[in-house]
Amino acid sequence: QVQLVESGGGLVQAGGSLSVSCAASGRSFSMYAMGWFRQAPGKEREFVAAINRSGGSTYYADSVKGRFTISRDNAKNTVYLQMNSLKPEDTAVYYCAGVRTLYSGRYYLREDEYDYWGQGTQVTVSS
């Protein structure tokens, strides 16, 4: 079992950058594929980015492709989301999620594929 804690959210102006982190407790973080999701006020939670166990494969929602970068450091049990060229529509609570998998090359795109979730961190982009 793993516990996930996000950090690094905050307020930034449009066009700016922000990085959020997700620290995992427990053992065998490298056995978990990880993802980032977000939920804006009044909207359903949506997929943002995913990464496989080693960090060698990633996938992004079209809305963030080219602006956001997901990465991980298995030695530090941490997954990151670097967000550049932020837009007001990126304002949301950002959640990290994890799923233990035997498939080293896989990443996961759907909420119901993930077993563990963090509590979320607020990202607000002002216009």
Side-chain angles (χ1 to χ4, degrees):
Q1 192 167 350
V2 65
Q3 292 183 323
L4 305 174
V5 179
E6 300 96 336
S7 61
L11 173 64
V12 64
Q13 288 189 333
S17 298
L18 198 63
S19 180
V20 291
S21 302
C22 173
S25 65
R27 297 183 294 179
S28 303
F29 177 69
S30 62
M31 293 296 295
Y32 289 79
M34 302 297 295
W36 285 95
F37 291 76
R38 67 186 182 185
Q39 187 168 21
K43 295 187 177 181
E44 293 187 351
R45 190 155 56 184
E46 64 176 4
F47 168 79
V48 175
I51 191 166
N52 73 328
R53 284 168 34 183
S54 68
S57 294
T58 57
Y59 190 88
Y60 298 91
D62 287 343
S63 58
V64 306
K65 199 174 297 182
R67 300 188 298 121
F68 289 13
T69 302
I70 186 172
S71 62
R72 65 189 295 163
D73 186 337
N74 286 344
K76 295 183 178 180
N77 283 14
T78 301
V79 62
Y80 306 94
L81 186 68
Q82 175 66 42
M83 301 179 287
N84 299 327
S85 302
L86 282 160
K87 305 174 181 180
E89 51 264 42
D90 294 318
T91 295
V93 177
Y94 283 71
Y95 299 90
C96 71
V99 55
R100 186 179 177 95
T101 177
L102 297 177
Y103 302 102
S104 60
R106 277 204 64 181
Y107 45 71
Y108 298 83
L109 311 185
R110 300 197 319 263
E111 280 190 60
D112 61 2
E113 293 179 305
Y114 287 89
D115 297 319
Y116 301 100
W117 292 83
Q119 82 290 348
T121 186
Q122 177 71 47
V123 172
T124 303
V125 185
S126 63
S127 57

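In this text, all values refer to a predicted model and were calculated from it rather than measured experimentally.
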Review point. Under the salt bridge (charged side-chain N to carboxylate O under 4.0 Å, His left out) criterion, do Lys87 and Asp90 qualify, and how do the steps go?
Key: CA-CA 5 Å; Lys87 305 174 181 180; Asp90 294 318; over 6 Å; no
Check your understanding: Counting distance only, does the side-chain N/O of Arg53 pair as donor-acceptor with the main-chain N or O of Thr101 below 3.5 Å?
Key -> yes
Point to revise | More than 12 heavy atoms of other groups within 6.0 Å of Tyr116 OH | key: yes
Revision key, fill the gap. Smallest heavy-atom separation, Ala50 atom then Tyr114 atom, equals CB-OH, 3.8 Å
**Study point:** Heavy atoms of other groups near Gln3 CD, more than 12 under 6.0 Å
**Key:** no
Review point. So with a 6.0 Å cut-off around NZ of Lys65, is the heavy-atom count from everything else above 12?
Key: yes
Check your understanding: Do you know the tightest heavy-atom contact between Leu4 and Ala24?
Key -> CD2-CB, 3.7 Å
Check your understanding: Do the side chains of Trp36 and Tyr107 join up, straight or via other hydrophobic residues, at under 4.5 Å, putting them in one cluster?
Key -> no
Review point. Linking I/L/V/M/F/W/Y whenever their side-chain heavy atoms sit closer than 4.5 Å, directly or via other members, would Val2 and Val5 fall into one cluster?
Key: no
Point to revise | Sidechain-backbone polar pair: Tyr60 side chain, Ile70 backbone, donor-acceptor under 3.5 Å | key: yes
Practice item. For the pair Val93 and Phe37, evaluate side chain to side chain contact (heavy atoms under 4.5 Å, CB included) and give the outcome as yes or no after the intermediate values. Key: CA-CA 8 Å; Val93 177; Phe37 291 76; over 6 Å; no
Review point. In a check of side chain to side chain contact (heavy atoms under 4.5 Å, CB included) between Cys22 and each of Val79, Thr121, Leu81, Thr78, which one passes?
Key: Val79
Review point. Roughly how far, to the nearest 0.5 Å, is CD of Glu111 from CD of Glu46?
Key: 10.0 Å
Check your understanding: Are Met34 and Phe47 joined in one hydrophobic group, where the rule is that I, L, V, M, F, W and Y side chains link up if heavy atoms are under 4.5 Å apart?
Key -> no
Check your understanding: From Gln122 CD over to Thr91 OG1, what is the distance, rounded to the nearest 0.5 angstrom?
Key -> 7.0 Å
Check your understanding: Just wondering, do Leu102 and Met31 contact through their side chains at under 4.5 Å, heavy atoms?
Key -> yes
Check your understanding: For the residue pair Ser17 and Asn84, what are the closest heavy atoms and their distance?
Key -> OG-OD1, 2.9 Å
Check your understanding: Are any side-chain N or O atoms of Arg67 and backbone N or O atoms of Ser63, one a donor and one an acceptor, separated by less than 3.5 Å?
Key -> yes
Review point. Cationic tip of Arg72 within the cone over Tyr32's six-membered ring, i.e. under 6.0 Å and within 45° of the normal?
Key: no
Exercise for review: Keeping the roles fixed (side chain from Asn77, backbone from Phe29), state whether a donor-acceptor pair exists under 3.5 Å.
Suggested key: no
**Study point:** Taking every non-hydrogen atom, the tightest pair across Ala14 and Pro88
**Key:** CB-CD, 4.1 Å
Review point. Can you tell me how far OH of Tyr80 sits from OG of Ser7, rounded to the nearest 0.5 angstrom?
Key: 9.0 Å
Point to revise | Spacing of OH belonging to Tyr59 relative to CD1 belonging to Ile51, to within rounding of 0.5 Å | key: 15.0 Å
Practice item. Give the C-alpha distance, both sets of side-chain angles, the deciding distance and a yes or no for side chain to side chain contact (heavy atoms under 4.5 Å, CB included) between Met83 and Thr69. Key: CA-CA 7 Å; Met83 301 179 287; Thr69 302; over 6 Å; no
Revision key, fill the gap. Note: Glu6 and Gly120 closest approach over all heavy atoms is OE1-N, 2.8 Å
Review point. If you look at every heavy atom in Val99 and Glu113, which pair is closest and at what distance?
Key: CG2-O, 3.2 Å
Review point. Relative to the ring of Tyr95, is the ring of Trp117 parallel (under 30°), tilted (30 to 60°) or perpendicular (over 60°)?
Key: perpendicular
